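Heads up: the structure comes next, in structure tokens.
Everything numeric in this text was worked out from a predicted model, so none of it was measured. Residue indices begin at 1 and follow the sequence shown.
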Amino acid sequence: MKPLCEAWPHAVIFDMDGLMYATEQQIRRAWDEVGPSVAGEPLGHNIYHTMGMNRALRVRYFRDTYGPDFPYEKFETAYKSLVSRMKKTEGIPVQKGLFELLAWLSEERIPCMLATGSSSFHTWENLAVTHTPNIFCHVICGDMVEAAKPDPYIYTLSCRMLGMRPEEVLVLEDSVNGVLAAYAAHTPVIMVPDLQKGQTDEVKGMPLAVMDSLLEVRDYLRSGYLRTE
């Protein structure tokens with residue numbers, strides 16, 4: 001879906017894990033470490049199939065994949081505890097260009113919002129720990145909606161909250177599920193893949209572009225944005 005309006009974008013909608021922060025690498029490592037105690041094998045590879053999902057869909061995925069008796073609650077408690085320790089010892093890696101892009105959007109007075117499949121606790125923790133400027137006019141988390149990516153609902157709701165048509169906004173996503181959700185919502189989307197760098201063919205033709213970093217996104221928008229006073 002291509003933008004149809006002048007001075008586009010009127011707003012930018014951010015995903016979080018993988019796009020703003022390199023947290024998915026930490027989660028993958030935790031799943032590998034915890035996996036043998038709950039499933040007899042490392043489980044990190046499953047993250048490639050669950051990116052963008054909320055908790056309910058992840059529970060369903062693991063029980064469909066490993067059987068209805070998969071102890072998801074035990075798994076979740078263990079891996080979240082490990083990720084929490086990683087955050088304390090390693091910090092939360094911020095993706096290249098995040099702060100530069102947010103600064104430019106703020107300067108141009110372009111509204112931003114956050115639409116993530118992560119929980120509210122995880123979302124606000126990440127924003128606080130990384131000292132990310134909170135310029136988001138709205139924040140939607142995975143525990144606030146029933147339908148998760150790749151369902152388009154979160155982006156349809158985002159446009160409604162912004163009071164804008166889908167073609168007026170830009171969605172930034174790192175995952176295949178996220179791009180599928182944005183495309184189905186008829187919102188233009190730029191993909192900045194992290195762990196899924198080798199899987200962009202799955203959404204070929206859907207994003208406006210596939211870029212290497214949020215710094216590249218900033219430069220792309222800065223070069224083409226026509227401000228109207």
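We find the CD-CE distance between Q95 and M20 to be 10.0 Å, quoted to the nearest 0.5 Å. The structure places CZ of F99 at 7.5 Å from CG of L102, a figure rounded to the nearest 0.5 Å. For the atom pair OG of S158 and CD1 of I140, the computed distance is 3.5 Å after rounding to the nearest 0.5 Å. Interatomic distance, L195 CG to I27 CD1, rounded to the nearest 0.5 Å: 9.5 Å. From E100, atom CD reaches atom CG of D219 across 9.5 Å, with rounding to the nearest 0.5 Å. Atoms OG and CG, from S120 and D143 in turn, are 3.5 Å apart once rounded to the nearest 0.5 Å.
In this structure, the side chains of L172 and L214 come closer than 4.5 Å at one or more pairs of heavy atoms. L215 has its side chain out of reach of L101: every pair of non-hydrogen atoms, C-beta onward, lies at least 4.5 Å apart. Residues L98 and T130 form no side-chain contact, since every pair of their non-hydrogen atoms from C-beta on lies 4.5 Å or further apart. Two residues are said to be in side-chain contact when any heavy atoms from C-beta on lie closer than 4.5 Å; Y72 and R55 meet this criterion. Considering only heavy atoms from C-beta on, N46 comes within 4.5 Å of Y61 through its side chain. Side-chain contact between H10 and V169 is absent, with no heavy-atom pair separated by less than 4.5 Å.
Taking every heavy atom of both residues into account, V203 and P207 meet most closely at O-CD, 3.1 Å. Of all the heavy atoms in A185 and P152, the pair that sits closest is N-CB, 3.6 Å. The two atoms that bring P9 and I110 nearest to each other are O-CG2, 3.8 Å, heavy atoms only. Contact between D194 and A22 at its shortest, heavy atoms only, is OD2-CA, 4.2 Å. Pairing each heavy atom of S37 with each of V34, the nearest pair is OG-O, 2.7 Å. Contact record, C137 with P111: SG-CB, 4.4 Å, taken as the closest heavy-atom pair.
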| request: Decide yes or no on side-chain hydrogen bond (donor to acceptor under 3.5 Å, both in side chains) for D17 and T23, but give the supporting numbers first. | output: CA-CA 6 Å; D17 288 300; T23 41; 2.3 Å; yes
| task | Check the pair T89 / R85 against side-chain hydrogen bond (donor to acceptor under 3.5 Å, both in side chains), numbers first and verdict last. | result | CA-CA 6 Å; T89 58; R85 291 200 299 273; over 6 Å; no
| task | Apply side chain to side chain contact (heavy atoms under 4.5 Å, CB included) to the pair V217 and W104, showing each step before the final yes or no. | result | CA-CA 11 Å; V217 173; W104 181 81; over 6 Å; no
| task | Mind running side chain to side chain contact (heavy atoms under 4.5 Å, CB included) on V189 and L208 for me, showing each step along the way? | result | CA-CA 6 Å; V189 55; L208 291 177; over 6 Å; no
| request: Check the pair Y21 / L127 against side chain to side chain contact (heavy atoms under 4.5 Å, CB included), numbers first and verdict last. | output: CA-CA 10 Å; Y21 313 117; L127 291 171; 3.4 Å; yes
| request: Could you give me the CA-CA distance, side-chain angles and deciding distance for M161 and H138, then say whether side chain to side chain contact (heavy atoms under 4.5 Å, CB included) is met? | output: CA-CA 8 Å; M161 294 175 71; H138 302 289; 3.6 Å; yes
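Side-chain atoms of Q196 and D174 include no donor-acceptor pair closer than 3.5 Å. The closest side-chain donor-acceptor pair between H49 and N177, if any, does not fall under 3.5 angstrom. Judged by distance alone, the side chains of Y48 and S175 never bring a donor and an acceptor atom under 3.5 Å apart.
A donor-acceptor distance shorter than 3.5 angstrom exists from the side chain of R63 to the backbone of F70, with no hydrogens or angles considered. In this structure, the side chain of T77 does not engage the main chain of K74 through any donor-acceptor pair within 3.5 Å. One N or O on the side chain of S223 and one on the backbone of Y220 form a donor-acceptor pair closer than 3.5 Å. No side-chain donor-acceptor contact under 3.5 Å links N126 to the backbone of T123. Using a distance-only test at 3.5 Å, with no hydrogens or angles considered, no donor-acceptor pair links the side chain of E168 to the main chain of M164. T187 contributes a side-chain N or O that, together with a main-chain N or O of A182, makes up a donor-acceptor pair within less than 3.5 Å. With hydrogens and angles disregarded, a donor-acceptor distance shorter than 3.5 Å links the side chain of Q26 to the backbone of G91. In this structure, K80 contributes its side chain and E76 its backbone to no donor-acceptor pair below 3.5 Å.
Sequence neighbours left out, the pairs with a member in residues 19-41 that pass salt bridge (Lys or Arg N to Asp or Glu O under 4.0 Å) are R29-E90.
Under the side-chain contact (heavy atoms from CB on, under 4.5 Å) test applied with E173, the options V192, V179, L19 reduce to a single match, V179.
Following chains of ILVMFWY side-chain contacts shorter than 4.5 Å, one can reach L162 starting from Y155, so the two form part of one hydrophobic cluster. Residues M16 and F121 are members of separate hydrophobic clusters, defined by side-chain heavy-atom contacts under 4.5 angstrom among Ile, Leu, Val, Met, Phe, Trp and Tyr. A single hydrophobic cluster is not seen to contain both M144 and V171; linkage of ILVMFWY side chains at heavy-atom distances under 4.5 Å, directly or through other members, places them apart.
Ring geometry for Y79 versus W31: interplanar angle over 60°, hence perpendicular rather than tilted (30 to 60°). Ring geometry for F14 versus F136: interplanar angle over 60°, hence perpendicular rather than tilted (30 to 60°).
Electrostatic pairing of R222 and E108 does not count as a salt bridge here, judged by no charged N lying under 4.0 Å from a carboxylate O. Salt bridge D15/K149: present, at least one basic N to carboxylate O contact under 4.0 Å. A salt bridge between K87 and E125 is present, with a side-chain N of the basic residue lying under 4.0 Å from a carboxylate O of the acidic one.
Counting heavy atoms of neighbouring residues, nucleotides and ligands inside a 6.0 Å radius, atom CD of E73 exceeds 12 of them.
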